[in-house]
Amino acid sequence: DSGVTQTPKHLITATGQRVTLRCSPRSGDLSVYWYQQSLDQGLQFLIQYYNGEERAKGNILERFSAQQFPDLHSELNLSSLELGDSALYFCASSVVLDSQAFFGQGTRLTVV
Amino acid sequence: EDQVTQSPEALRLQEGESSSLNCSYTVSGLRGLFWYRQDPGKGPEFLFTLYSAGEEKEKERLKATLTKKESFLHITAPKPEDSATYLCAVEGGADGLTFGKGTHLIIQP
């Protein structure tokens with residue numbers, strides 16, 4: 001158990017809908033990362049937050065947004081969902097910037 | 001743009017048969033190279049961080065090494081429980097970790 005908690009574990013939704021994925025980082029970790037993993041693309045970095053502030057952006061679509069709250073948990077919002085958004089979404093956390101990241105168990109999103 | 005290429009894509013070994021996995025990378029200013037293990041449907045599990053060429057790290061049957069252009073993950077006398085996908089990632093000029101597509105390792109009893 002990495003100490004990073006993601007909910008829900010599974011999510012099935014229809015095209016055009018909006019969903020919210022939640023992540024609780026390890027106790028004491030200030031940095032949260034979101035990654036998308038699909039079969040053909042591997043793990044792709046989406047966005048990083050550090051102590052409530054957006055720190056870096058990767059290949060995140062404009063339909064996706066995220067935030068980190070004062071208690072350091074983070075949410076990833078996915079809207080106007082398309083079939084191609086079906087993937088595993090992972091949250092990871094680290095103590096400070098550029099240190100080793102610990103991953104949660106992921107949320108499997110299926111868009112039908 | 002940071003790039004990571006892992007080879008082979010898949011590897012099947014007999015129990016006890018040692019081998020090496022390769023991770024080739026191009027990065028502008030390497031801040032760290034990471035190895036993770038991922039089991040099906042689970043999140044990546046951290047194994048090692050390497051920071052500079054010549055560095056080596058060991059953990060049980062695994063040993064990671066780093067040169068200026070590639071890293072190797074050596075598996076000595078593997079057991080069936082070592083079966084997993086092994087991911088290599090770099091932290092460099094790009095934001096966040098850049099991952100390779102992984103090596104799917106199967107150890108047969």
Side-chain angles (χ1 to χ4, degrees), chain A residues 1-7 9-10 21 23-26 29 31-50 53-60 66 74 76 87-110, chain B residues 1-10 21-25 27-52 55 57 59 62 64 66 71 84-105:
Chain A
D1 183 3
S2 67
V4 178
T5 304
Q6 290 188 246
T7 56
K9 285 189 168 48
H10 302 277
L21 313 184
C23 169
S24 294
R26 293 188 321 155
D29 284 0
S31 194
V32 169
Y33 309 76
W34 285 97
Y35 288 84
Q36 179 192 58
Q37 186 175 40
S38 56
L39 281 173
D40 56 341
Q41 291 293 323
L43 269 164
Q44 299 286 316
F45 169 67
L46 295 178
I47 197 164
Q48 179 193 6
Y49 281 82
Y50 179 76
E53 300 290 326
E54 182 183 302
R55 168 71 173 79
K57 259 185 176 178
N59 300 319
I60 188 167
S74 178
L76 179 67
L88 268 168
Y89 291 83
F90 287 105
C91 169
S93 73
S94 62
V95 175
V96 293
L97 298 172
D98 301 341
S99 61
Q100 69 192 49
F102 293 85
F103 282 75
Q105 294 300 294
T107 293
R108 181 175 293 280
L109 173 67
T110 303
Chain B
E1 182 183 332
D2 297 348
Q3 289 190 334
V4 177
T5 303
Q6 291 187 247
S7 61
E9 288 183 14
L21 313 183
N22 178 263
C23 170
S24 298
Y25 64 90
V27 63
S28 53
L30 180 70
R31 300 204 297 269
L33 184 140
F34 301 80
W35 282 98
Y36 285 85
R37 168 194 169 126
Q38 187 174 25
D39 293 300
K42 305 284 179 110
E45 176 189 338
F46 172 79
L47 293 174
F48 303 110
T49 308
L50 301 168
Y51 293 104
S52 56
E55 190 175 356
K57 294 262 178 85
K59 179 180 177 181
L62 300 176
L66 180 65
S71 176
T85 296
Y86 290 85
L87 299 169
C88 173
V90 296
E91 191 154 40
D95 293 317
L97 293 174
T98 300
F99 278 86
K101 295 195 175 180
T103 293
H104 181 51
L105 178 65

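A, B, ... follow the sequence lines: proteins, then strands. Residue 1 opens every chain.
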Around atom CZ of A:Arg26, are there more than 12 heavy atoms from other residues, nucleotides or ligands closer than 6.0 Å? yes
Minimum heavy-atom separation for B:Phe34 to A:Gln100, with atom names? CE2-CA, 3.9 Å
Interface residue of largest heavy-atom contact number with chain A, from B:Glu45, B:Lys101, B:Gln38, under 4.5 Å: B:Gln38
Partner residues of A:Asn59 under the side-chain hydrogen bond (donor to acceptor under 3.5 Å, both in side chains) criterion, sequence neighbours left out: A:Gln44
Interchain contact, A:Ala92 with chain B, by part (heavy-atom threshold 4.5 Å): neither
Which class fits the ring pair B:Tyr36 and A:Phe103: parallel under 30°, tilted 30 to 60°, perpendicular over 60°? perpendicular
Just wondering, more than 12 heavy atoms not from B:Glu9 lying within 6.0 Å of its CD? no
Honestly, the part of A:Lys9 sitting under 4.5 Å from a heavy atom of chain B is neither
Shortest non-hydrogen contact from B:Lys42 to A:Phe90? O-CZ, 3.5 Å
Inter-residue atom distance B:Asp2.CG - A:Phe45.CZ, 0.5 Å rounding: 12.0 Å
